[in-house]
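Taking it in order: structure first as structure tokens, then the write-up.
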Amino acid sequence: MPQLAIPAIITAFAAAVTWSSLQLELSPPMIVGHSMQPRVFPIFLMVICIVLAGILAWQYRSEPPEKVKLEGLRTWGSIALFVVFYLLTTYVDMLIATAVVVFLMCLLWGERRIYVAGLVGLVTPTVIFFLFDTVLRVRFPRGLLTNWYYG
Amino acid sequence: MIDALQAIGSVFLDPYLIFLIFITTIIGVVIGVLPGLGATTGAALLLPFTLTMEPVNAIAVLATIYVSATFAGSITAILINTPGTAAAAATTFDGYPLAKRGEAGRALGIAVVASTIGGVFSVIVLCFAAPMLARVAYEFRPPEYFALTLFGLSMLATISSGGTVKNLLGGVFGVWLATIGAEPTTGIERFMFGNYELYEGLAFVPVFIGLFAMSELLVQSRHVNLAYETVVMKAVKLPSREDYKRIWKTVARSCGIGTFIGILPAEGATVASMIGYAEARRWSKKKDEFGKGSIEGIAGAEAANNAATGGAMVPTMVLGIPGSGTTAVILVGLMVHGLRPGPYLFTEQVDKVYQIFGAMMLANLMFLAMGLYAAKLFARISLVPLQVLWPVVFALAAIGAYALNSSLLDVWIVLIFGVIGFLARRHGFAVAPIAVGLILGEMVETNLQNSLKMFDGQWWLMFTQPLALLFFVFAFLGLFSPAIVKWFARRDA
């Protein structure tokens with residue numbers, strides 16, 4: 001029953017949130033008064049979620065959804081580049097991370113001219129950096145390049 | 001009234017604001033013609049750039065992006081049969097066939113004029129309707145606000161993309177996202193998992209950039225190799241007297257439809273243009289021309305989608321309930337710049353409110369000029385290779401998200417919600433309900449709590465409040481309207 005995968009995932013998520021809500025502290029009655037404990041509202045939402053997931057499952061059984069095509073290299077590659085961006089930003093430098101990811105994304109998406117990809121990778125983060133640094137006075141996180149720039 | 005006119009007029013006399021709106025209109029039109037980059041994504045990406053601006057200027061920028069990008073979607077809809085924004089989808093039905101017959105200039109001329117009339121009409125309605133609604137909203141107490149937000153959420157059931165159940169699931173997920181952080185009354189931490197940067201909850205902007213821009217990037221990665229067939233156009237032609245005679249009733253009808261649809265919470269320009277188009281066809285004497293290049297079809301869709309922009313600003317500014325995905329971003333912009341949306345905005349900062357309305361009016365006139373004289377140039381921009389465009393969008397989104405709070409957590413939120421948004425869209429869920437749910441989440445919970453306190457925990461007493469009851473009935477109707485419409489359609493068939 002592959003069409004039931006989505007309702008099942010939603011139900012599992014709702015169950016996990018409900019369990020997590022039940023672990024929340026209880027507030028003293030004098031603070032809450034006649035209102036709700038902080039855990040009640042999320043649980044209430046998850047009950048609605050489970051009911052809606054049930055209706056979705058019923059809809060899918062009577063009218064199965066169209067099969068979703070598996071994504072190609074570009075989509076999964078782009079998601080992998082998000083991870084590369086995270087790692088490079090955390091351990092090297094945000095600007096270097098942006099330049100590398102923009103360059104690789106250009107190539108991944110089919111840009112054959114390496115110099116164009118290189119130019120886009122170099123110019124884009126540089127322009128955005130100086131725009132934010134000088135006009136908006138944003139201070140970027142410390143890293144290889146920003147350490148050198150900020151001194 | 002004179003104060004309002006003065007405030008609106010001051011926009012037309014402020015050279016800096018005129019220049020800002022001019023530049024932003026160009027950016028908005030470019031965003032509108034680029035496939036995948038709609039008004040919502042554009043506004044979300046530009047929000048960080050408005051941080052250092054005066055509140056009025058910042059909101060004027062976002063509102064200008066909204067109106068100009070909504071119009072610009074029609075340029076590519078007519079010339080390359082690809083709507084630049086979802087709101088221009090109905091324009092392709094007749095715009096492209098007319099363009100293929102060698103009348104691209106005429107098609108664009110009608111689209112530009114109808115859009116401008118729709119936009120200006122809706123801003124005029126906004127100027128009158130918003131203060132009137134604000135006067136009513138002064139009477140609202142927590143039960144009324146709770147019922148109103150429920151009504152807003154229930155309207156998610158009726159938006160066109162996704163489906164009723166999927167949209168409601170998205171809305172509920174969005175409301176749950178709003179519960180992350182410290183609970184407002186007790187301060188008890190919820191779903192923070194030890195991350196104290198989440199104490200004040202998820203920041204709206206990174207979530208929006210992720211849901212709209214990053215998820216679109218992943219969606220577009222599947223369309224890189226699409227080839228567009230472009231129609232050649234010499235110049236945009238203003239509609240002839242005959243054209244005006246044929247379309248004026250359609251335009252007038254679509255102005256009303258678009259503004260009304262826009263005012264409904266969560267409904268937006270896309271729904272408005274579809275209904276505007278359908279009504280244009282229903283009332284037309286030349287129904288057989290529809291789908292083959294009917295000028296009434298173009299005018300009906302375009303007047304309605306731009307009329308929805310002003311309409312959607314009414315609930316956004318008066319009630320703090322977004323009228324569409326883009327107004328959700330504008331709502332966040334208002335909050336970021338210290339303009340708390342709600343009825344009190346109309347007493348405490350009324351001059352700013354009218355200046356924003358004036359800016360919207362100016363933006364509508366600005367894109368009229370650009371549409372007439374530069375549409376051909378803008379259409380070429382739509383042919384920018386996607387393999388260059390989207391990496392640049394990635395850099396803008398990531399660095400822009402960081403710039404808001406100088407927080408790397410915001411950047412990770414962008415990436416995570418990009419993937420969540422993509423997976424949701426891949427399985428037929430729309431992302432706008434998540435954004436609307438996130439915005440309304442705190443309002444729903446806080447007003448429910450306050451209502452319970454007001455009635456000593458006797459929740460059913462909320463139904464004894466006439467205005468609240470009215471909104472509960474609306475919410476019920478909104479929730480079941482798709483089923484009711486389907487039932488009637490089946491019965492008629």
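The model shown is predicted, which means the values in this text are computed figures rather than measured ones. Protein chains get the first letters and strands the later ones, always in sequence-line order, with residue 1 at the start of each.
Neither the backbone nor the side chain of A:P65 comes within less than 4.5 Å of any heavy atom in chain B. With a 4.5 angstrom heavy-atom cutoff, B:L448 touches chain A only via side-chain atoms. With a 4.5 angstrom heavy-atom cutoff, B:L169 touches chain A via backbone and side-chain atoms both. Only the side chain of A:F132 comes within less than 4.5 Å of a heavy atom in chain B; its backbone stays farther off. Residue contact with chain A, scored on non-hydrogen atoms closer than 4.5 Å, involves the backbone and the side chain of B:I399 alike. Using a 4.5 Å cut-off between heavy atoms, B:V411 touches chain A through its side chain atoms alone. With a 4.5 angstrom heavy-atom cutoff, B:P184 does not touch chain A via any of its atoms. For A:I48, the part lying near chain B is the side chain, with the backbone staying farther off; criterion is any non-hydrogen pair under 4.5 Å. Contact annotation for B:W176: both backbone and side-chain heavy atoms come within less than 4.5 Å of a heavy atom of chain A. Proximity to chain B is limited to the side chain of A:I10, based on heavy atoms less than 4.5 angstrom apart. Only the side chain of A:Q59 comes within contact range of chain B, judged by heavy atoms closer than 4.5 Å. Only the side chain of A:F13 has a heavy atom closer than 4.5 Å to any heavy atom of chain B. Only the side chain of B:F422 comes within less than 4.5 Å of a heavy atom in chain A; its backbone stays farther off.
Taking OG1 of A:T98 as the reference point, atom CZ of B:F394 lies at 6.5 Å (rounded to 0.5 Å). Taken from SG in A:C106 to CG in B:L389, the straight-line distance is 10.0 Å, to the nearest 0.5 Å. Atom CD of residue B:Q220 and atom CZ of residue A:R74 lie 12.0 Å apart, to the nearest 0.5 angstrom. Considering OG of A:S78 and CH2 of B:W390, their distance stands at 11.5 Å, rounded to 0.5 Å.
Nearest heavy atom pair, residue B:A403 against residue A:V138, reads CB-CG2, 3.7 Å. For B:G457 against A:H34, the heavy-atom pair with the smallest separation is N-CB, 3.3 Å. Smallest separation of non-hydrogen atoms from B:E183 and A:P38: CG-CB, 3.7 Å.
If you tally non-hydrogen atom pairs under 4.5 Å between each of B:Q449, B:Q458, B:K453, B:E445 and chain A, the highest count goes to B:E445. In terms of heavy-atom pairs under 4.5 Å with chain A, the best-connected choice from B:T185, B:V419, B:V175 is B:V175. Contacts with chain A were tallied for B:L396, B:L217, B:L168; B:L217 has the most, counting heavy-atom pairs under 4.5 Å. Chosen from B:V388, B:T179, B:I188, the residue pairing most often with chain A at heavy-atom distances under 4.5 Å is B:I188.
For residues 120-131 of chain A, a heavy-atom distance under 4.5 Å to chain B picks out A:V120, A:T124, A:I128, A:L131, given by residue number. Inspection of non-hydrogen atoms places A:V17, A:S20, A:S21, A:L24, A:E25 of residues 15-25 of chain A under 4.5 Å from chain B.
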request  = Could you please spell out the steps behind the side-chain contact (heavy atoms from CB on, under 4.5 Å) verdict for B:S221 and A:W109?
outcome  = CA-CA 7 Å; B:S221 68; A:W109 282 43; 3.4 Å; yes

request  = For side-chain contact (heavy atoms from CB on, under 4.5 Å), just list the numbers for B:F429 and A:I6, CA-CA rounded to whole Å, side-chain angles, deciding distance to a tenth of an Å, and then say yes or no.
outcome  = CA-CA 11 Å; B:F429 290 79; A:I6 298 295; 3.9 Å; yes

message = side-chain contact (heavy atoms from CB on, under 4.5 Å), that's the test. Do B:W412 and A:F82 meet it? Break it down for me.
response = CA-CA 9 Å; B:W412 313 148; A:F82 288 3; over 6 Å; no

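The number of heavy-atom neighbours closer than 6.0 Å to CZ of A:F44, taken from other residues, nucleotides and ligands shown, is 12 or below.
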